[in-house]
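A short worksheet on the structure shown next.
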Amino acid sequence: MSAVQPLMPARYAGWVALSGFANAAVSASCAAIALPLLVAVLGVERYGQWAVLGLFVTTAAALDLGLSRALVLQCAAQPPARVREFATAAALIAGVVAACAVGALVFAALTGFSFGLAEGVMTPAIAMAGASILALGMLNAVMRAVLESQMAVHWVNLGYLLQTALLYGFTLAAALLWPAALLPASVAAFGLVAILNASLLSRLGVLAPRRPKRAALDAMLASTRESFLLAVPTAFLPPLTAFLALSHSTGPAQYAVFDLALRIATLGATLLSGLAVPMLAAAARSRATGGTEAALDRLTIRYLAVGWSLLVAGILVYTLVGARLVAWVFPAAGPGLYPIAGVLLAGMGVLAASEGAIRAVSASSAPGPVFWARLAILALVAGAGGLAWSAGGMKAFATTYALASVAGAAVVLGAWIRRRPPTSGRP
C-alpha cells in the first residue's frame, strides 16, 4: 500500500496539537469557573442579556463567507509582499461586509428596532456592543488567516485561548466591580486580541498594508466563492441556533437557560473532541515517516474507543448526579436547565466522540462526507428547530439539535467505515 504524503512538518504539527489541546482545556476551565459566578452575580435576567453577545461572535465567523480559508490558500508559501497584498484585499472585502452588518446594528440601536425579539433581549446598548464585537471579530479572522498561512497556527490557538480568558475575566471583573461597564469590558477583550494578532503579524513582517492590484481582488473573490460552500455548514450553525433560541424565547431569562444548557453541553463536547487533537501530530509523524492509511485507521480506532467510553461514562455520571450538581451550581436557573443540558450533551457528545473519524475522513483525499454531515446538521436545525420549539418548547428544540448532531455523526462514521482499507495482513 502506498504511503501517504505529509501535510505539514511533524514538529509543527506537534505545536499545533499542543496549543489546540491547551486552548480546549483552558476554554473549558474558564467556562466552568466563570459561568456560575456570572449567573450568581448578574442574575439570570442580566446574564441572558450578556449572553446575547455570543450571537455576534458567531455571526462574525459566519460573515467570513469562506474568506479566511481563501486567504490561507492564496498566501501559503508566498513572499511577504504578496502576502501583504492579498491580506489587504481580504481586509477590504471583510470591511465592506462588516460595514453593512455594523450599519444595520447601529441603525437598530438608534431607532430602537429589536429584530422582532422579546422585550429586553436586543437593547440599544447590546446592539452597539454587538456591532463592535462583530467588526473586531471579522478583523481578527483576517489576521488569524494570515498567521495560519505563515505556519503559525499554534499562535492562532493561543490567541483563541487568550480571547476566552480575557472575555470571561473582564466580564466577571466588571460584574463584580463596575456593572455598568459589563458590555464595554467584553468588547475590550476582543480589542486586546486584535492588538496581539497585529503584533504577531508585525513580527512576521506582513502587517503593513499594500495596495492590492485588481488581479489580487479578483483572485480573492474567486477563491472565496469556492470556499463559501465548504464554510457554510460549520459557520452558520452557531448563529442560526442562537437566533432561533432568541426569536422563540419569552425574554432574557428563558434565553439564559438555553444558553447555559448549550454551554454545559459544549463544555463536555469540547473535552471529548479535544482528545482527538493529538491525533493531528501523531498522523503527521506517521505520514512523515511513510505511514499508511491503515496505520491512520488503527489510530482512529483507538481514539474512537476512548471517546465513546468516556461519553458513556459521562452520560452515566450526569444521569446519577447531574440534577443535584446543576441545581447547586446554577440555583437561579431553575429545574429546567438539567434535562435540556442533558439532551444537548448526549447529542453533541456523540458527534464529539466521533471526532477521530471526522479527522481521519478530513485527512483523506475525499473529505466530502464531513461537509455533508455538517450540512445535514444545519439543515435539520434550520428546517425543524423553530417548529419544534413552537410545538414542544425549549426541550423539543434541544432534542432536535441533539438528533441532528447524532445524524451528522452517523454520516461521518459511515463514510469512515466504507473507506477503511482491508485489515488482513500487515501494511
Side-chain angles (χ1 to χ4, degrees), residues 15-16 18-42 46-61 64 68 94 98 102 125-148 152-203 207 238-239 242 256 259-260 262-264 266-267 270-271 274 277:
W15 280 111
V16 172
L18 179 61
S19 60
F21 186 78
N23 177 34
V26 171
S27 297
S29 300
C30 287
I33 295 170
L35 286 177
L37 294 174
L38 280 174
V39 176
V41 173
L42 296 175
R46 289 199 63 201
Y47 171 83
Q49 291 181 319
W50 173 79
V52 175
L53 294 182
L55 171 64
F56 300 102
V57 177
T58 55
T59 300
D64 179 78
S68 294
V102 169
I126 293 175
M128 292 297 290
S132 302
I133 288 175
L134 192 150
L136 288 169
M138 295 194 70
L139 175 62
N140 278 325
V142 171
M143 291 193 286
R144 284 167 177 149
V146 178
L147 286 172
E148 184 176 347
V153 178
H154 52 299
W155 287 114
V156 173
N157 287 333
L158 291 176
Y160 277 118
L161 184 155
L162 181 64
Q163 178 175 292
T164 301
L166 288 175
L167 178 60
Y168 282 122
F170 281 12
T171 303
L172 187 58
L176 292 169
L177 304 174
W178 191 11
L182 186 69
L183 297 179
S186 300
V187 174
F190 291 90
L192 286 178
V193 172
I195 294 174
L196 170 66
N197 289 331
S199 65
L200 291 173
L201 292 178
S202 179
R203 289 187 60 185
L207 176 64
D259 180 80
L260 285 172
L262 187 60
R263 288 177 189 262
I264 291 172
T266 302
L267 175 63
T270 299
L271 292 175
V277 171

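Side-chain atoms are counted along with the backbone in the values below, which use heavy atoms only and exclude waters and symmetry mates. Just so it is clear, the structure is predicted and the values come from calculations on it, not from any experiment.
- When all heavy atoms of Ala131 and Val102 are compared, the pair lying nearest together is O-CG2, 3.5 Å.
- Across all their heavy atoms, Thr59 and Pro239 have their closest contact at OG1-CB, 3.8 Å.
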Criterion side-chain contact (heavy atoms from CB on, under 4.5 Å) on Val193 and Arg144, from CA distance to verdict:
CA-CA 10 Å; Val193 172; Arg144 284 167 177 149; 3.7 Å; yes
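- When all heavy atoms of Ser68 and Ala141 are compared, the pair lying nearest together is OG-O, 3.4 Å.
- Every residue was checked against the salt bridge (charged side-chain N to carboxylate O under 4.0 Å, His left out) condition with Asp64, not counting sequence neighbours, and none meets it.
- A distance of 8.5 Å separates CE in Met143 from CG in Leu196, rounded to the nearest 0.5 Å.
- Listed here is the closest heavy atom pair of Gly191 and Leu136: N-CD1, 3.7 Å.
- Put simply, CG on Leu167 and CG on Leu192 are 11.5 Å apart, with the number rounded to the nearest 0.5 Å.
- The two atoms that bring Ala98 and Met138 nearest to each other are CB-SD, 3.7 Å, heavy atoms only.
- Judged as a side-chain hydrogen bond (donor to acceptor under 3.5 Å, both in side chains), and not counting sequence neighbours, Arg203 has no contacts.
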side-chain contact (heavy atoms from CB on, under 4.5 Å) for Arg263 and Asp259? Distances and angles first, verdict last.
CA-CA 6 Å; Arg263 288 177 189 262; Asp259 180 80; 2.6 Å; yes
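- Under the side-chain contact (heavy atoms from CB on, under 4.5 Å) criterion, Leu38 pairs with Leu42, Tyr47, Trp50, Tyr168, Thr171, Leu172, Ala175, not counting sequence neighbours.
- For Ala185, the side-chain contact (heavy atoms from CB on, under 4.5 Å) partners at least two apart in sequence or on another chain are Phe170, Ala174.
- Contacts classified as side chain to side chain donor-acceptor pair (under 3.5 Å) and involving residues 190-201 (residues at least two apart or in different chains) are given here: Asn140-Asn197.
- Nearest heavy atom pair, residue Val142 against residue Ala94, reads CG2-CB, 3.9 Å.
- Residues meeting the side-chain hydrogen bond (donor to acceptor under 3.5 Å, both in side chains) test with Gln49, sequence neighbours left out: none.
- Here Leu183 pairs with Leu53, Ala125, Ile126, Ala129 under the side-chain contact (heavy atoms from CB on, under 4.5 Å) rule; sequence neighbours left out.
- Residues that satisfy the side-chain contact (heavy atoms from CB on, under 4.5 Å) test with Ala181, not counting sequence neighbours, are Trp178.
- Between atom OG1 of residue Thr266 and atom CG of residue Leu262 there is a gap of 4.0 Å, rounded to the nearest 0.5 Å.
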